[in-house]
Participant: 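Pasting in a structure now, in structure tokens, and then I'll have a few things to ask.
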Amino acid sequence: MEPQSQTFFSQGLKLSAWLFLPDAPRPPVVVMAHGFGADKRLGLRPFAERFAAEGLAALVFDYRNFGASEGEPRNLISPRRHGEDWLAAIDFASSLPEVDGSRLGLWGTSFSGGHALVAAANRPAVRAVVSQVPFVDGLGVALSYPLLFSLKAIGHGIIDALGSLFGRRHYVPIVGTPDEFALLNKPDCMPGYLSLAPAGIELDNRAPAAISLVLSSYRPTSRAAEIKCPALMIAAENDSLIPFKDVEKCAAKIPRVKKVSLPVGHFEVYTGDWFEKVSAMEAEFLKANL
């Protein structure tokens, strides 16, 4: 399925999006975006195509500074900016004449699994939200890393923050192996990240290090009780990046939640048999509520 190319604005910058449309008049629409340091090319298209095959439109967008969207410095990871972009994407999707914007859902994965929850709390008109292997509590994630890693991350973050005052950013790898410093360096991170990239895509595996200074204070779980729409949370029991117990606690706060726990790692839901099972489950949930 070939999507339509779309653009819209967030805080004055142009964002790039794909619009997947089913063969149906004015279908419901699902707004989708990627997680930590990734853009829409990395594993989101199969989910959007599955939803479109089930009669749901899907708007998949890149954050400012990522992928085909405008913004400098490149690959700036910022929960605040990402949240603004989610709200801009919701407004844009609601206005599209090809879809029924009153039947709008959200789908987020990993870091954006938390963003989708926050956006649902901020926009009561959202009818359903899917949060897949979600980042729900930055403090819990920070505490799951060794102290030496955290000190190195803070050091890199301080260098970047100071350099940004003079227009010079300090970049670090987004994903790496356990024997090197990277923002994500658990054993399954590098192979999992690479498994999402279609052949021939050149990955820009770097980001400004200042995200290390704010990540622990980003806690989508603090907004969970405000989500009024039905929510589906897909939790990975063997997640190396996001403590499973934190996802359980977050889900318990959402009034209308369906939590599904799977015996998988963080990256297994994007490919193979687990992708087939998870995407089908998510499609059924979205259809039932939109």
Side-chain angles (χ1 to χ4, degrees), residues 17-18 20 22 27-36 38 40 42-61 82-83 85-87 89-90 93-94 99 101 103-136 196 220-221 223-224 226-236 239 242 244 246-248 250-262 264 266-271 274-290:
W18 292 331
F20 294 82
V29 61
V30 183
V31 177
M32 305 173 61
H34 221 313
F36 192 88
K40 63 181 184 293
L42 303 185
L44 295 197
R45 184 172 184 143
F47 287 94
E49 290 180 334
R50 169 58 65 88
F51 299 158
E54 297 286 343
L56 301 160
L59 181 77
V60 188
F61 74 95
H82 292 354
D85 296 345
W86 268 92
L87 297 183
I90 291 170
S94 300
V99 307
R103 293 185 292 156
L104 184 144
L106 309 180
W107 181 97
T109 187
S110 192
F111 203 38
S112 71
H115 298 340
L117 295 177
V118 174
N122 284 330
R123 289 294 169 84
V126 168
R127 296 271 291 270
V129 57
V130 173
S131 184
Q132 177 178 279
V133 293
F135 180 104
V136 294
L196 303 182
T221 189
R223 303 293 307 279
E226 302 171 48
I227 299 170
K228 305 306 180 187
C229 67
L232 172 63
M233 295 189 73
I234 306 295
D239 201 316
I242 299 164
F244 175 67
D246 289 348
V247 180
E248 288 190 305
C250 179
K253 299 177 183 179
I254 301 174
R256 302 169 64 188
V257 70
K258 176 181 180 181
K259 181 178 74 69
V260 177
S261 299
L262 301 175
V264 298
H266 187 79
F267 293 95
E268 291 180 74
V269 296
Y270 297 97
T271 58
W274 282 115
F275 162 76
E276 297 295 337
K277 294 175 183 178
V278 169
S279 62
M281 186 188 316
E282 293 170 347
E284 287 303 311
F285 171 82
L286 290 165
K287 286 195 298 182
N289 289 286
L290 299 182

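Note that the coordinates shown come from a computational prediction; the quantities given were computed from them, not determined experimentally.
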Participant: Indicate yes or no: at least one non-hydrogen side-chain atom of Y270 is less than 4.5 angstrom from one of V133.
Facilitator: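 Yes, at least one pair of side-chain atoms sits under 4.5 Å.
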Participant: So, taking the atom named CG in D85 and the one named CD1 in I90, what distance separates them when rounded to the nearest 0.5 Å?
Facilitator: 11.0 Å
Participant: For F36, check ring-ring contact (aromatic ring centres under 6.0 Å, His included) against everything at least two apart and list the hits.
Facilitator: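 Checked F36 against ring-ring contact (aromatic ring centres under 6.0 Å, His included); matches are F111.
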Participant: Please walk me through it: do H266 and S110 pass side chain to side chain donor-acceptor pair (under 3.5 Å)?
Facilitator: CA-CA 8 Å; H266 187 79; S110 192; 2.9 Å; yes
Participant: Is there a donor in the side chain of S112 and an acceptor in the side chain of H82, or the other way round, less than 3.5 Å apart?
Facilitator: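 No, because no side-chain N or O of S112 sits under 3.5 Å from a partner of the opposite role on H82.
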Participant: Looking at side-chain heavy atoms only, is the closest gap between P230 and R256 below 4.5 Å?
Facilitator: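 When only atoms from C-beta onward are counted, R256 and P230 do touch, with a gap below 4.5 Å.
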Participant: Within this structure, what is the CZ-CG distance for the pair F51 and L286, rounded to the nearest 0.5 Å?
Facilitator: 5.5 Å
Participant: Would you mind checking if R50 and E282 are paired as a salt bridge, meaning a charged N to carboxylate O distance below 4.0 Å?
Facilitator: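 Salt bridge flag = no for R50 with E282.
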Participant: Heavy atoms, side chains only, cut-off 4.5 Å: are K258 and M233 in contact?
Facilitator: no
Participant: Does K287 have any salt bridge (Lys or Arg N to Asp or Glu O under 4.0 Å) partners at least two apart in sequence or in another chain, and if so, which?
Facilitator: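 So K287 forms a salt bridge (Lys or Arg N to Asp or Glu O under 4.0 Å) with E54, E284.
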Participant: Show your reasoning for whether side chain to side chain contact (heavy atoms under 4.5 Å, CB included) applies to L104 and L290.
Facilitator: CA-CA 7 Å; L104 184 144; L290 299 182; 5.8 Å; no
Participant: If I take atom CG from residue L196 and atom CG from residue L44, how far apart are they, to the nearest 0.5 angstrom?
Facilitator: 8.5 Å
Participant: Let's go through Q132 and F47 carefully: what are the C-alpha distance in whole Å and the side-chain angles of both, what is the deciding distance for side chain to side chain contact (heavy atoms under 4.5 Å, CB included) to 0.1 Å, and is it a yes or a no?
Facilitator: CA-CA 12 Å; Q132 177 178 279; F47 287 94; 3.5 Å; yes
Participant: For the pair L232 and V129, evaluate side chain to side chain contact (heavy atoms under 4.5 Å, CB included) and give the outcome as yes or no after the intermediate values.
Facilitator: CA-CA 6 Å; L232 172 63; V129 57; over 6 Å; no
Participant: What residues form a side-chain contact (heavy atoms from CB on, under 4.5 Å) with A48, not counting sequence neighbours?
Facilitator: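 Counting only residues at least two positions away or on another chain, A48 forms a side-chain contact (heavy atoms from CB on, under 4.5 Å) with F20, M32, A58, V60.
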Participant: To the closest 0.5 Å, what do you measure between NE2 (H115) and CG (L106)?
Facilitator: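 If we round to the nearest 0.5 Å, H115:NE2 and L106:CG are 12.5 Å apart.
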Participant: Taking atom OG of S261 and atom CG of D239, what is their separation to the nearest 0.5 Å?
Facilitator: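 Here the rounded value is 11.5 Å.
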Participant: Where do I242 and P134 come nearest, in terms of heavy atoms and distance?
Facilitator: CG2-O, 3.2 Å
Participant: Could you walk me through whether N289 and R103 satisfy the side chain to side chain donor-acceptor pair (under 3.5 Å) test, starting with their C-alpha distance in whole Å, then the side-chain angles of each, then the deciding distance to 0.1 Å, before giving a yes or no?
Facilitator: CA-CA 9 Å; N289 289 286; R103 293 185 292 156; over 6 Å; no
Participant: Taking the six-membered ring for Trp, are the ring centroids of W86 and F61 within less than 6.0 Å of each other?
Facilitator: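 Ring-ring flag for W86/F61: true, centres closer than 6.0 Å.
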Participant: Report the distance from atom CZ of F135 to atom CG of L117, rounding to the nearest 0.5 Å.
Facilitator: 12.0 Å
